[in-house]
J.: 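To start, I am sharing the structure in question, which I have written as structure tokens.
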2 protein chains.
Amino acid sequence: MKFSASKENHLKAIFHLQLEQGIVTTNALAAALQTRPASVTDMLKKLKDQKLLLYERYKGFRLNNEGKKAAIQVIRKHRLWEYFLVKKLQFGWDEVHEIAEELEHISSKKLVDRLDAFLGFPDTDPHGDPIPDSQGRFLQRRQISLSELPLNKPAQVSAISSQTTEMLELLQHKHIQLGTRLEIRKKFPFDNSLEVKIRNRPPVTLSAQVAKNVLVKDDE
Amino acid sequence: MKFSASKENHLKAIFHLQLEQGIVTTNALAAALQTRPASVTDMLKKLKDQKLLLYERYKGFRLNNEGKKAAIQVIRKHRLWEYFLVKKLQFGWDEVHEIAEELEHISSKKLVDRLDAFLGFPDTDPHGDPIPDSQGRFLQRRQISLSELPLNKPAQVSAISSQTTEMLELLQHKHIQLGTRLEIRKKFPFDNSLEVKIRNRPPVTLSAQVAKNVLVKDDE
DNA sequence: ATTTAAATTTAGACAAATCTAAAATTAAAA
DNA sequence: TTTTAATTTTAGATTTGTCTAAATTTAAAT
Ligand SMILES: [Mn+2]
Ligand SMILES: [Mn+2]
Ligand SMILES: [Mn+2]
Ligand SMILES: [Mn+2]
């Protein structure tokens, strides 16, 4: 089982998208990979031929078990290398992603397992994401509503449960989107509104109704 | 200047060949890269267009200054990764070449320099070959082939020029590795084979082909 | 100096991965 | 329910790197 770098990138991106959506669309994947929908369709055919995903034209797609296993191995490599770069080579957590995006395609399984041991079998990468073990097992952190998040606990937006245009417009205006890292600075019991801090931005206030529909996961 | 993996492989192989030959031939490069002469010609045109080598058709070729600089950077990466694999990940010196052949194409210059620092700026890789520094300087050590070593002159193995698995396996079986101290006890003109003595071991016989690829330096 | 052989290059093809433009399908709006 | 818009797929082209087979050039042998 050895896949090209491009196939590995596709598998990984599909894996992430289907965690949120269940089913993945051509446009979503093209956006995630910064490529064109037509290119995605081309690749989908190849991945389907290799029996890595379930796909019917015009109907969306998702990884099957084989595809998930392959994707998880790529994610494992990516996160172990990021951990290595930060912990051993003194890189900042914000400058390792691009390099790991290349290193994740080195194929030696033995290398990855030795690296894992060398690093002391870490279970979380520098961004707080879990690192799959050698067998591909990993603890998917459960996501909670922003309204349940404790004060001052760093978290990352992992889903928006109410996806009305109005809601998304409001969040966009407050600079909150999927992946945004934030923490709660203050809670107002009067109306259960929250004051939320995002790095490099002034604090913003969210109503209880909004907070309820923003799902977050631990950000280390 | 960022080059594709294939171009980097070509540059590196040309560099090594021209150390021996001065000028490099199409067939020699094809053999070194396990590819076809026609493919080499194709690549030569591209490298010439990018002004990395001097080339006239049917007349051989060699790297210019730019090409040498690029090749040395690839060699630096290759050898630093090999050192990392052996010293930090506990790989055997005979199993790292293939992996380094992939790792050498990771492009981040910062990564290489950080790795270098992390490893303590080593100047010799696990096969005894010198590691170029950040500016591309490196000490080509004065070493001779074992087949040129005079009788009964103590020497120390400093490099293995043919690093195939088969070669390394053979040497391992005869208890010869980097740093091994030895001397030639007898030379057989019939087939140019050698009888070599290693301290605390019975003498071993080496073929001319093997001896040619074992490089030694004066034993202090 | 011819002839023969070896080395090298060209011509034409192919696979992988990508793209643009146009067609087909599905979803949304009127 | 038409009509319109958005999404997705196809058709055909492009780039990079590789190959085989044939042609060209250089080197070796007679
Ligand atoms: Mn990352
Ligand atoms: Mn990648
Ligand atoms: Mn090597
Ligand atoms: Mn390589």
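Quick note on labels: first sequence line is chain A, next is B, and so on, each numbered from 1. The figures that follow rest on heavy atoms only: side chains count, while hydrogens, waters and symmetry mates do not.
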J.: To the nearest Å, how far apart are Gln34(B) CD and dG17(D) C1'?
T.: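 In whole Å, dG17(D) C1' lies 17 Å from Gln34(B) CD.
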
J.: In residues 100-108 of chain B, which residues come under 4.0 Å of DNA chain C by heavy atom?
T.: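 None, since no heavy atom is under 4.0 Å.
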
J.: What string of B, S and - do you get for nucleotides 8-16 of chain D 5' to 3' if you count protein non-hydrogen atoms under 4.0 Å?
T.: BBB------

J.: Partners of Glu183(A) by side chain to side chain contact (heavy atoms under 4.5 Å, CB included), sequence neighbours excluded?
T.: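 Result, side chain to side chain contact (heavy atoms under 4.5 Å, CB included) vs Glu183(A): Asn152(A), Pro154(A), Arg185(A).
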
J.: Among residues at least two apart in sequence or on other chains, which ones pass side chain to side chain contact (heavy atoms under 4.5 Å, CB included) with Ala211(B)?
T.: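 Partners of Ala211(B) under the side chain to side chain contact (heavy atoms under 4.5 Å, CB included) test: Leu146(B), Ser147(B), Leu194(B).
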
J.: What residues form a salt bridge (charged side-chain N to carboxylate O under 4.0 Å, His left out) with Glu95(A), not counting sequence neighbours?
T.: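 Only Lys110(B) meet the salt bridge (charged side-chain N to carboxylate O under 4.0 Å, His left out) criterion with Glu95(A).
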
J.: Apply salt bridge (charged side-chain N to carboxylate O under 4.0 Å, His left out) to Arg76(B) and list each qualifying residue two or more places apart in sequence or on a separate chain.
T.: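 Testing Arg76(B) for salt bridge (charged side-chain N to carboxylate O under 4.0 Å, His left out), a comparison that skips the adjacent residues, returns Asp113(B), Asp116(B).
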
J.: Please tabulate, one pair per line, all N/O donor-acceptor pairs under 3.5 Å involving side-chain atoms of residues 48-67 of chain A, not counting sequence neighbours.
T.:
{"unit_1": "Lys48(A)", "atom_1": "NZ", "unit_2": "Tyr55(A)", "atom_2": "O", "d": "2.9"}
{"unit_1": "Asn64(A)", "atom_1": "OD1", "unit_2": "Glu66(A)", "atom_2": "N", "d": "3.0"}
{"unit_1": "Asn64(A)", "atom_1": "OD1", "unit_2": "Gly67(A)", "atom_2": "N", "d": "2.8"}
{"unit_1": "Asn64(A)", "atom_1": "ND2", "unit_2": "Lys51(A)", "atom_2": "O", "d": "2.8"}
{"unit_1": "Glu66(A)", "atom_1": "OE2", "unit_2": "Lys69(A)", "atom_2": "NZ", "d": "3.4"}

J.: Quickly work out the Phe3(B) CZ to dG17(D) P distance and round it to whole Å.
T.: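 Spelled out: CZ on Phe3(B) to P on dG17(D) is 12 Å.
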
J.: Ignoring hydrogens and angles, state whether a donor on the side chain of Glu82(A) or His78(A) is under 3.5 Å from an acceptor on the partner side chain.
T.: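 Yes, a side-chain donor-acceptor pair sits under 3.5 Å.
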
J.: Please find the earliest and latest nucleotides of DNA chain C, in the 5' to 3' direction, that have an atom within less than 4.0 Å of any heavy atom of chain B.
T.: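 From 5' to 3', the first and last contacting nucleotides are dA7(C) to dT10(C).
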
J.: Quick one: side chain to side chain contact (heavy atoms under 4.5 Å, CB included) partners of Ile72(B), sequence neighbours excluded?
T.: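 For Ile72(B) the side chain to side chain contact (heavy atoms under 4.5 Å, CB included) partners, ignoring immediate neighbours, are Phe15(B), Pro132(B), Phe138(B).
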
J.: Report which part of the nucleic acid Ser39(B) touches: base, sugar-phosphate, or nothing (heavy-atom distance under 4.0 Å, all strands).
T.: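 If one applies the 4.0 Å heavy-atom cut-off, Ser39(B) turns out to touch a base.
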
J.: Considering only residues two or more places apart or on different chains, which pairs with a residue in residues 24-46 of chain B satisfy salt bridge (Lys or Arg N to Asp or Glu O under 4.0 Å)?
T.: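 Every pair satisfying salt bridge (Lys or Arg N to Asp or Glu O under 4.0 Å) with a residue in residues 24-46 of chain B: there are none.
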
J.: Name all residues meeting the salt bridge (charged side-chain N to carboxylate O under 4.0 Å, His left out) criterion together with Glu101(A); count only those two or more places apart in sequence or in a different chain, and write none if there are none.
T.: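 Expected list: Lys12(A).
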
J.: Can you list everything that forms a salt bridge (charged side-chain N to carboxylate O under 4.0 Å, His left out) with Arg199(A)? Sequence neighbours excluded, please.
T.: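 If we apply the salt bridge (charged side-chain N to carboxylate O under 4.0 Å, His left out) test to Arg199(A), skipping adjacent residues, there are no hits.
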
